[in-house]
Amino acid sequence: MINGQVSHWWEQIGLPAARPTLNESLEVDVAIVGAGFTGLWTAYYLKQADPSLRIAILEQRNVGYGASGRNGGWLTNTITGGREQYLKSHGRQAATDFQLTMNRTVAEVIRVCQSEQIEADILPGGEFEVAYNAAQFTRLREFVKDENSWEHTDVQLLTQSDATERIGVEGALGAAWHPHAARIQPAKLVSGLARVVESLGIEIYENTRVTEIRPHQLDFVGGQVTAEFVIRATEGFTAGLKGHKRLWLPMNSSMIATEPLGADFWDEVNWSQGEVLGDFAHVYMYAQRTADDRIAIGGRGVPYKYGSRTDLDGQTPEASVKGLQEILHTLFPQTRLTNIDHAWSGVLGVPRDWAATVGLDSHSGIAWAGGYVGTGVATTNLAGRTLRDLVLGRNSDLVDLPWVNHQARLWEPEPLRWIATKGLYAAYGLADRQEAKGSSHTSPIAHFADLVTGKR
């Protein structure tokens with residue numbers, strides 16, 4: 001088993017040749033910090049809208065080194081933090097419009113990949129979330145009922161027989177499915193997008209670490225870049241910038257990928273349409289059937305490292321690997337003798353209120369997007385189009401969406417955030433274990449943890 005080395009996705013296609021490092025000061029129209037999905041989508045849409053713009057992207061490692069090259073490959077329509085958070089501040093119609101926009105964002109990513117000839121193993125099979133104990137099934141039914149009270153959600157409740165016929169998850173009691181999702185290979189998407197961006201004349205500088213963002217300027221190891229607009233697209237690595245230590249918590253997530261599984265297995269479980277697979281546990285999992293017939297499955301490993309530390313090139317603790325294997329074997333007992341070919345981890349950005357944000361301070365020229373809490377594969381595309389409109393001063397429907405210029409309070413200082421994060425995820429794990437014993441109601445421990453985290 002390979003442990004670390006960024007991700008299985010990069011191992012599969014190989015890291016691209018290193019791009020130039022920026023070694024001197026530079027002046028451009030738009031400087032973007034971070035060459036992941038957010039930075040690349042923003043550059044793509046800006047350059048298409050105004051080819052005269054001078055745009056430079058600065059990346060501390062390589063394109064797609066962060067969450068964009070390590071995630072579970074879920075291109076789905078989830079609004080980070082949920083629609084309900086915007087009811088009081090913006091009203092129901094604004095939240096409904098946001099959902100419709102996210103549906104269209106999934107289609108937009110697929111459209112661009114087709115038009116730009118980005119081969120990213122995209123298979124639009126929808127999102128399938130399963131319940132395999134009574135408490136999960138209670139939450140699933142409540143979830144479907146709530147989703148169906150909103151427009152544009154298109155969520156279906158699947159009975160036990162319908163669910164297991166669609167994907168043969170062991171012990172499934174039912175499932176929820178909606179069509180606005182697709183499986184992707186994330187490293188293929190991010191590398192293809194980088195190729196397209198460079199073909200438009202945008203410079204990407206790798207191994208160029210930005211240390212501070214200031215009005216109309218950023219400092220990097222080796223010099224400064226001045227720009228009319230500076231865009232922070234650093235997601236889980238934001239805490240490494242001066243003055244941003246407590247802005248977004250870098251939450252760790254881990255994944256494993258099995259060896260390729262044979263036709264007999266796939267015929268038995270009937271997982272064949274490109275559905276991305278999740279569950280209704282509190283410490284939830286996410287999975288896909290890859291284009292080369294593996295199961296790639298992820299979930300929380302060690303959720304947070306003290307002091308907002310971020311990375312060891314994806315190296316994953318043995319306990320996290322075993323935990324994911326246990327989930328895999330619970331869902332598909334047929335995999336108990338299956339080898340695990342790769343394990344890796346990465347960080348995602350978590351605001352204190354668990355709500356993503358995109359915005360621009362027109363006075364300082366500083367723009368930002370992130371805090372996706374694991375929903376960034378689609379949301380980054382919306383962020384890129386929104387930043388395009390904010391930078392160019394367009395009065396579009398996108399700039400009126402309720403997440404624009406949203407601000408959350410800072411995370412608590414250490415050691416409080418380490419204690420709280422470790423304790424809360426231990427509580428969620430305990431709640432899952434309690435519910436596995438047969439209760440049909442959500443554990444009170446999980447309700448309490450939701451209140452503390454700000455999810456409720």
Side-chain angles (χ1 to χ4, degrees), residues 1-21 33-40 57-73 185-191 193-194 204-211 220-221 233-241 245 248-259 286 290 294 296-325 339-350 370 372 374 376-377 380 418 421:
M1 184 189 75
I2 299 172
N3 190 334
Q5 298 183 28
V6 187
S7 72
H8 168 73
W9 311 121
W10 279 118
E11 181 71 18
Q12 185 180 54
I13 66 173
L15 290 172
R19 294 173 171 85
T21 299
V33 185
F37 286 143
T38 299
L40 294 170
I57 304 174
L58 281 65
E59 165 59 45
Q60 69 172 342
R61 290 290 294 268
N62 55 265
V63 162
Y65 176 77
S68 298
R70 308 191 200 192
N71 63 77
Q185 206 280 31
K188 288 186 177 182
L189 178 55
V190 75
S191 60
L193 188 56
I204 300 175
Y205 297 100
E206 295 184 333
N207 296 302
T208 303
R209 186 169 67 87
V210 173
T211 57
F220 67 94
V221 178
T234 47
E235 187 55 0
F237 292 90
T238 300
L241 293 170
K245 194 77 168 181
W248 295 337
L249 185 142
M251 184 75 73
N252 284 278
S253 197
S254 298
M255 292 197 73
I256 57 174
T258 69
E259 64 183 333
Y286 49 92
T290 68
R294 305 170 190 268
I297 184 169
R300 295 290 176 262
V302 177
Y304 175 71
K305 296 179 181 179
Y306 188 89
S308 293
R309 291 180 291 117
T310 51
D311 202 76
L312 293 171
D313 283 346
Q315 188 173 343
T316 302
E318 183 179 351
S320 299
V321 176
K322 288 183 176 179
L324 290 171
Q325 283 182 286
N339 292 323
I340 302 302
D341 278 358
H342 203 150
W344 70 98
S345 297
V347 294
L348 46 95
V350 181
Y372 305 118
V377 178
T380 50
W418 181 83
T421 305

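Every heavy atom of this structure was used, including side-chain atoms; hydrogens, water molecules and symmetry mates were not.
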Exercise. Can R70 be said to sit on top of Y65's aromatic six-ring, NZ or CZ under 6.0 Å from centre and within 45° of the ring axis?
Worked result: yes
Problem set entry | Contact check, side chains of I13 and W10, non-hydrogen atoms, under 4.5 Å | yes
Exercise. Within a strict 4.5 Å, meaning less than it, do heavy atoms of the E235 and W248 side chains meet?
Worked result: yes
For this session: Look at the side chain of K188 and the backbone N and O of W9, then say whether any donor-acceptor pair between them is shorter than 3.5 Å.
Result: no
Exercise. So how far is it from N62 CG to L15 CG, rounded to the nearest 0.5 Å?
Worked result: 5.5 Å
Exercise. Is the shortest heavy-atom distance from the side chain of S253 to the side chain of L348 under 4.5 Å?
Worked result: yes
Problem set entry | Check: Y286 and M255 side chains under 4.5 Å, non-hydrogen atoms | yes
For this session: For residues P250 and T310, report the shortest heavy-atom separation together with the two atoms involved.
Result: CB-CG2, 4.0 Å
For this session: Nearest 0.5 Å please: distance from the CG atom of N3 over to the OG1 atom of T316.
Result: 5.0 Å
Problem set entry | Minimum side-chain heavy-atom gap Y304-L249 below 4.5 Å | yes
Exercise. Who are the side chain to side chain contact (heavy atoms under 4.5 Å, CB included) partners of T380, not counting sequence neighbours?
Worked result: F37, T38, W41, Y372
Exercise. Is the side chain of H342 donor-acceptor paired with the backbone N or O of Q12 at a distance under 3.5 Å, no angle test?
Worked result: no
Exercise. Do you know the tightest heavy-atom contact between S68 and P186?
Worked result: O-CB, 3.3 Å
Exercise. Atom CD1 of I297 and atom CG of L324: how far apart are they, to the nearest 0.5 Å?
Worked result: 6.5 Å
Exercise. Under 4.0 Å between a Lys/Arg side-chain N and an Asp/Glu carboxylate O for R61 and D313?
Worked result: yes
Exercise. Salt bridge (charged side-chain N to carboxylate O under 4.0 Å, His left out) with K322: which residues, sequence neighbours excluded?
Worked result: E318
For this session: State the CZ-CG distance between R309 and N252, to the nearest 0.5 angstrom.
Result: 9.5 Å
For this session: Identify the two heavy atoms, one from L40 and one from A35, that lie closest to each other, and give their separation to 0.1 Å.
Result: CD1-O, 3.8 Å
Exercise. Between G39 and I57, which heavy-atom pair has the shortest distance, and what is it?
Worked result: O-CD1, 4.1 Å
Exercise. Under 3.5 Å, side chain of Q315 to main-chain N/O of G4, donor-acceptor pair present?
Worked result: no
Problem set entry | From Q185 atom CD to H8 atom NE2, the distance as rounded to the nearest 0.5 Å | 7.0 Å
For this session: May I ask you to decide if D341's main-chain N or O and E259's side chain share a donor-acceptor pair within less than 3.5 Å?
Result: no
Problem set entry | Distance in Å, T208 OG1 paired with L58 CG, rounded so as to fall on 0.5 Å steps | 5.5 Å
For this session: Applying salt bridge (charged side-chain N to carboxylate O under 4.0 Å, His left out), name anything that partners E206, two or more places apart in sequence or on another chain.
Result: R19
Problem set entry | Under 3.5 Å: donor-acceptor pair, side chain of S308, backbone of Y306 | no
Seminar exercise, completed: Residues at least two apart in sequence or cross-chain that pass side chain to side chain contact (heavy atoms under 4.5 Å, CB included) with Q60, listed by chain then number, are R209, F237
Problem set entry | T234: side chain to side chain contact (heavy atoms under 4.5 Å, CB included) partners, not counting sequence neighbours | V33, R232, T238, L241
Exercise. With sequence neighbours excluded, what pairs up with S320 under the side-chain hydrogen bond (donor to acceptor under 3.5 Å, both in side chains) test?
Worked result: none
For this session: Indicate the atoms forming the closest heavy-atom contact of V63 with A194, along with that distance.
Result: CG1-CB, 3.8 Å
